[in-house]
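Just so we're on the same page: letters track the sequence lines, and every chain starts at 1. Source: prediction; values computed, not measured.
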Protein chains: 2
Amino acid sequence: MSSKQTAEPAALLRQHGLQVTAQRLAVMKVVSAHPHATAEGVAEDVRAEIGSISRQGVYDALGTLADNGLVRRIQPAGSPARFEGRTGDNHHHLICRDCGAVVDVDCAVGAAPCLTPSDDAGYNIDEAEVIYWGYCPTCTANREARTDN
Amino acid sequence: MSSKQTAEPAALLRQHGLQVTAQRLAVMKVVSAHPHATAEGVAEDVRAEIGSISRQGVYDALGTLADNGLVRRIQPAGSPARFEGRTGDNHHHLICRDCGAVVDVDCAVGAAPCLTPSDDAGYNIDEAEVIYWGYCPTCTANREARTDN
DNA sequence: CGCGCATCCTTGACAAAGTCAATTATTTGA
DNA sequence: TCAAATAATTGACTTTGTCAAGGATGCGCG
């Protein structure tokens, strides 16, 4: 019990030299409980958690956590930014063009092969972000129904 | 000379059942001349080309062209949408976290392997978008200079 | 060549997402 | 407990993009 739980939120913050505040703890909790939430969604859930938080507080906490790798920010076209707690495991996302649903997928080819493009143009690459676009089962069914017409 | 050039902009528009207008022609020209331009940048260049265009005209033209596959829209996090003329060749992008510079790269593993995630969750996938994040040569140098301090 | 209809463009108001800057509050080490 | 450093709140502002109504243009047809 006295051992360091790496998942202990307060300890994680301290490990990164960050102060421990109710806002940050609540944001961390919400993000891991509801992956792929938007900033707005996080704000709502945080308010349910600790009563209130300012918009700026949410952006600030999410930004700080993202800068320190405690949270990952993804920004699909046509949708506000979304946040999730899974970091550092090289997983990617599958997004529905119709309803915007986001699902996690592990990297297609294994560990981190995506980190080796055919020509890096001299860039110093540190991440490969992959988004698979398509239609989720529900929306696929809707579209087929329409086509069969 | 009289043969159909598939790259003939006006013909391309007609092939897709679209009217040929000065605005669309100018937008197409600008997008292929300046890949990765933002909507704002396209608007400026189009004005230099044909005198004037409304903001809505630019968005409308870009949207219509994108819907018809004549232009590709990419939307990197932390940056407005960008547009390019290269379509259908499964190439990806390399973006600098500092200066936002965008560079094309061919698909890392070949044709379209990205279209086969390890688990498609029942989704009907039609595109895989890959963004490599890192630092361009110039910004890498700047950062190292700062670190060597 | 000119008419009419469909399509397109312009205009101006509006909305969403996020940022900036100044002030106030909280955390935390001494 | 105190003071300095760090965070949070507040409210105005910016950027990027959309909506809706009306005028202008492209283009098939006679």
Where the side chain of [X] is concerned, which of [options] is the nearest nucleotide?
| X | options | result |
| --- | --- | --- |
| Asp60(A) | dA8(D), dG17(D), dT19(C) | dA8(D) |
| Tyr59(B) | dG26(D), dA8(D), dT18(D) | dT18(D) |
| Pro80(B) | dA7(D), dC20(C), dT16(D) | dT16(D) |
| Arg14(A) | dG18(C), dT28(C), dA7(D) | dT28(C) |
| Gln56(B) | dC20(C), dA7(D), dT18(D) | dT18(D) |

Taking for each residue the nucleotide of DNA chain C with the nearest heavy atom, is it Gly57(B) or Gln19(B) whose nucleotide lies nearer the 5' end? Gln19(B)
Atom-to-atom span, [atom1] of [X] to [atom2] of [N] - whole angstrom:
| X | N | atom1 | atom2 | answer |
| --- | --- | --- | --- | --- |
| Leu62(B) | dT16(D) | CG | P | 14 Å |
| Ile50(B) | dT25(D) | CD1 | P | 12 Å |
| Asp67(A) | dT19(C) | CG | P | 11 Å |
| Leu25(A) | dA7(D) | CG | P | 13 Å |
| Glu40(A) | dA15(C) | CD | P | 16 Å |
| Arg82(A) | dA17(C) | CZ | P | 10 Å |
| Arg73(A) | dA17(C) | CZ | P | 15 Å |
| Leu13(B) | dT25(D) | CG | P | 18 Å |

Using a cut-off of less than 4.0 Å, is there contact between a side-chain N or O of [X] and OP1 or OP2 of [N]?
| X | N | result |
| --- | --- | --- |
| Thr21(B) | dC9(C) | yes |
| Gln23(B) | dC9(C) | yes |
| Arg55(A) | dT10(D) | no |

Check the hydrophobic clustering (I, L, V, M, F, W, Y; side-chain heavy atoms under 4.5 Å; chains of links allowed) and say if Val105(A) and Ile131(B) are grouped together.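 Different clusters.
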Under 4.0 Å, counting only non-hydrogen atoms across every strand here, what does Ala61(A) touch: a base, just sugar-phosphate, or nothing?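 Counting heavy atoms under 4.0 Å across all strands, no contact is made by Ala61(A).
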Quick one: do Asp106(A) and Arg86(A) satisfy salt bridge (Lys or Arg N to Asp or Glu O under 4.0 Å)? Show the steps, please. CA-CA 12 Å; Asp106(A) 292 324; Arg86(A) 279 181 70 184; 3.5 Å; yes
Looking at Lys29(A) and Asp45(A), does any basic side-chain N land under 4.0 Å from a carboxylate oxygen? no
Most 5' of Ala81(B) and Ala22(B) on DNA chain D, judged by nearest nucleotide: Ala81(B)
For DNA chain D, whose closest nucleotide is more 5', that of Gln75(B) or that of Arg24(A)?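 Here Arg24(A) is the residue nearer the 5' end.
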Go through the side-chain N and O atoms of Glu84(B) and His91(B) and say whether any donor and acceptor fall under 3.5 Å apart. yes
Can you tell me if Asp104(B) and His36(B) form a side-chain donor-acceptor pair at under 3.5 Å? yes
